[in-house]
Amino acid sequence: MDLNDKQKEAVQTTDGPVLVIAGAGSGKTRVLTERIAYLVRSKRAQPTSILAFTFTNRAAREMKQRLESANPGICERMWVGTFHATGVKILRRHGDRAGVSRDFSIYDATDSLELVKVSISQRTLEARLMRSPTSVRDQISRWKNELISPQMAAMRAANNIEKRIVSLYSEYERGLRRANALDFDDLIAKVVELFSIDPEVKRHYATRFRYILVDEFQDTNPIQMAMIEALASEHRNLFVVGDDDQSIYSWRGAKVEHILNFENLYSDTKLIRLEQNYRSTQTILDAANHVIVNNKGRKGKELWTAGERGEKIEMLVSMDEESEANNVLHTVRELAGEGVALRDIAVLYRTNAQSRALEDVLKLGSLPYQIIGAVRFYERAEVRDILAYCKLLANPADNVSLKRIINVPKRGLGKTTYEKLSEHAAFSNVPIMQILRSGAFALGSSQTKRCGEFVRLFATLESIAATKDAPQVIEAIVDGINYREHLRDNYPDGESRIENVDELINAAEVYTENREDRSLRAFLEEIALVADVDALDDESGQLTLMTLHNAKGLEFDCVIIAGLEDGLFPHINSMDNEEALEEERRLFYVGMTRACRRLFCSYANMRRRMGVIEGGSPSRFLYEIPEELMVGSIQMMEGHSRSDSLGFVDNEFDQSTGYARGVSAAGRVAAAPREFEDYSQEELVYSVGMRIHHDDFGRGVVRRVEGSGENLRVTVIFDRGGERKFVARYAPMRPT
DNA sequence: TGGTAGAGGCTTTTT
DNA sequence: GCCTCTACCA
């Protein structure tokens, strides 16, 4: 396939700043790789002078693979990676000039949360008044991403609570320094700091990187922008690609304004728009265009394709999340029956919690699937335990990791002992491990002996780590602490935990294959930065399940978007403000445009959330899709409120599974929907103890009544067993 | 110090 | 509904 004129222009405009507004599926990845190849082949650019930023490691890997397959050897000395990975590279080389030691550890989200908790607990008087650790950590992260130091934050603090959070921020920063650790935000922030402290270093990199490329530019935050600007300051050959309609990370500090302001920042910017889509059918594009046009703050663009209209978008309507899962399963089976490979189908949803119901049903249906994200491999307790040992070996000052494993498995060094050691360390301002090793602590004889044993164990592991490769070191840790035995004896699911530990060793082995640096440290670095999408295995014949956020940048032949209900998608927390709602809409837009050929939209009338059954109405976004583009439409009737028209599609309604679906446009037509009766009539009054009849669950007795009017909720205990809560208005239920 | 049971928070999205 | 943290007792 040849490049179109716009794409060609984007590839060949090599000098000066270039802003490419690239619609979904407009071939931007191709433009990026072609441009890099063009720079090297036609402009004789050195690969070392090229720096490309991607959003995920996976995207970086794919870009390198594409480049390599057409131009063998081209990537060897080229920098292609995420902002975070690039930051690590720079800091390992020159970080010492900004006071960052070269063997720093990287703290992930869990580690930094732990550090926040420690900071809070050191201020017992304040702990009670403090917001949750998570919100403190998020606030700290927001400050860091906006280049706000503790000092600056202190000046801005308006009230007592804010001042306390600021003091936690300072405490947290001290904790990081003491542990010789950087958190995710630091990986970029410290680079920016380094560049401002040491103009020599800045000039070194800015001179080296003659050509800079940035993918997913709409999702860069201020600190990343500062890094980009510094790096581009010498040559100004800055090529950024983004789509304001796909900006979905503002909650992480990303500023879509970076796109909108780019032309002000670089007045000689060349603006190029890519609007021709090579991915989806016209029907899918029309639907997506109709949805996104409801957003106000956008640059405005309309995707089109030279391809076919394609099939209509199908609605899947289900009773609850379980039947939704069944509905998804049947749809996938049907697609598979038509010859679609499972790896070409994806199920996308708003929240990770939704994966459970889907997973349960897919398991029962023995359909092979992979879930991206739900319970992350590197988040599992057993994996984290072993990794904590590893991190401690790489950096003995890492107090958070020490705290995690000092008593795992149990070796009689509990909370009290740990706290005494920690106090000694804080007093002397040295790492806890140093206190342990020096023996400079006042403890009873049995505790002193146990500490000595731990120090000896650690020394043995250290000597192994000094000479062996990562997999052998991990194996030595697992053996040295009898970890497999510990798991088998202490957990009912011990065997599967052991498998996870073995999987970790396996991952280390895979990593060290064909690698020069096989050290534990190199392996730790690699996994510290992996995202879940990085693990996506697109060669395997499995159905893929993931969040909409994770789906960014990917495409699938068929896409099912599940859980399209108001309150879930758009999410309840985003429904009361226009900006947040627009971001939800962009997220839906991203989801729709992942589909090449077939798109399914699914919602359930009831859903269990955090243990409570809630009634749901179809997502407001569904009503933004023109009806003529859909099969089995959601039926919004004139003069009716939306929630009155929760229509089941009549045909193919299956009593046994409780699901209904529209029929594909391939010949068959959906029958008129059966309308729900309106149960909101005012004479339906419920009181505790009243006997009722429910169409689906039979007879029962009212146990609780909450709310009033439209929000009247009734909890019923059914005669056949089970207790359920309904929104009275939507439940097919009457007093008897 | 370690085990257990109950409380409480959580579920928006992640490099 | 599930997971984590905490308080209390052995």
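- Look at A/N573 and you won't find any side-chain N or O under 4.0 angstrom from OP1 or OP2 of B/dT11.
- Going from atom CG of A/N407 over to atom P of B/dG3 covers 9 Å, rounded to whole Å.
- Set against B/dT1, B/dG3, B/dT13, the side chain of A/T417 has B/dT1 as its closest nucleotide.
- Between the C1' atom of B/dT15 and the CZ atom of A/F184 lies a distance of 6 Å, rounded to the nearest Å.
- Each of A/H549 and A/L413 was assigned the nucleotide of DNA chain B with the nearest heavy atom; the assignment lying further toward the 5' end belongs to A/L413.
- The cationic atom of A/R92 (NZ for Lys, CZ for Arg) lies less than 6.0 Å from the six-membered ring centre of A/F104 and within 45° of the ring axis.
- Nucleic acid contact for A/Y249: sugar-phosphate only, since backbone atoms but no base atoms lie under 4.0 Å from a heavy atom of the residue.
- Comparing B/dT14, B/dT1, B/dT11 against the side chain of A/H571 picks out B/dT11 as the nearest.
- A salt bridge links A/K144 with A/D183; the closest basic N to acidic carboxylate O contact falls under 4.0 Å.
- In this structure a side-chain-to-backbone donor-acceptor pair under 3.5 Å is missing from A/D186 to A/A189.
- Stacking between A/W251 and B/dT13 is shown: the ring centroid lies under 5.5 Å from the centre of the six-membered base ring, and the planes differ by under 30°.
- Taking atom CG on A/D360 and atom C1' on C/dC2, their separation rounds to 13 Å, with Å as the unit.
- Comparing B/dT1, B/dG2, B/dT15 by their closest approach to the side chain of A/T82 singles out B/dT15.
- The side chain of A/K117 contributes no N or O atom lying less than 4.0 Å from OP1 or OP2 of C/dT4.
- For A/N550, the side-chain atoms get nearest to B/dT15 when compared with the rest of B/dT1, C/dG1, B/dT15.
- Phosphate contact (OP1/OP2 of B/dT15, side-chain N/O of A/Q224, threshold under 4.0 Å): absent.
- For the residue pair A/S422 / A/E419, no side-chain donor-acceptor distance below 3.5 Å is found, with atom types taken as modelled.
- Each of A/F55 and A/Y418 lies near DNA chain B, and the nucleotide nearest A/Y418 is the one positioned closer to the 5' end.
- A/T56 has no side-chain polar atom (N or O) that falls below the 4.0 Å cut-off from OP1 or OP2 of B/dT15.
- Following rounding to the nearest Å, A/D185 (CG) and B/dT15 (C1') show an atom-to-atom distance of 9 Å.
- We find that CZ of A/R380 is positioned 11 Å from P of C/dC3, with the value rounded to whole Å.
- A/D243 places no side-chain N or O within 3.5 Å of a backbone atom of A/Q218 that could act as its donor or acceptor partner.
- Of the side-chain N and O atoms in A/N352, one or more sit less than 4.0 angstrom from OP1 or OP2 of B/dT14.
- Spacing between atom CD1 of A/I406 and atom P of B/dG2 amounts to 11 Å, rounded to whole angstrom units.
- Relative to the six-membered ring of A/Y249, A/R252 meets both conditions, a distance below 6.0 Å and an angle of at most 45° to the axis.
- Atom CG in A/L568 sits about 11 Å away from atom P in B/dT13, given to the nearest Å.
- Here, B/dT13 and C/dT4 have their P atoms 15 Å apart, quoted to the whole Å.
- A straight line from CD of A/E614 to P of B/dT11 spans 15 Å, rounded to a whole angstrom.
- When the nucleotides C/dG1, C/dC2, B/dT15 are ranked by their closest atom to the side chain of A/R356, C/dC2 comes out on top.
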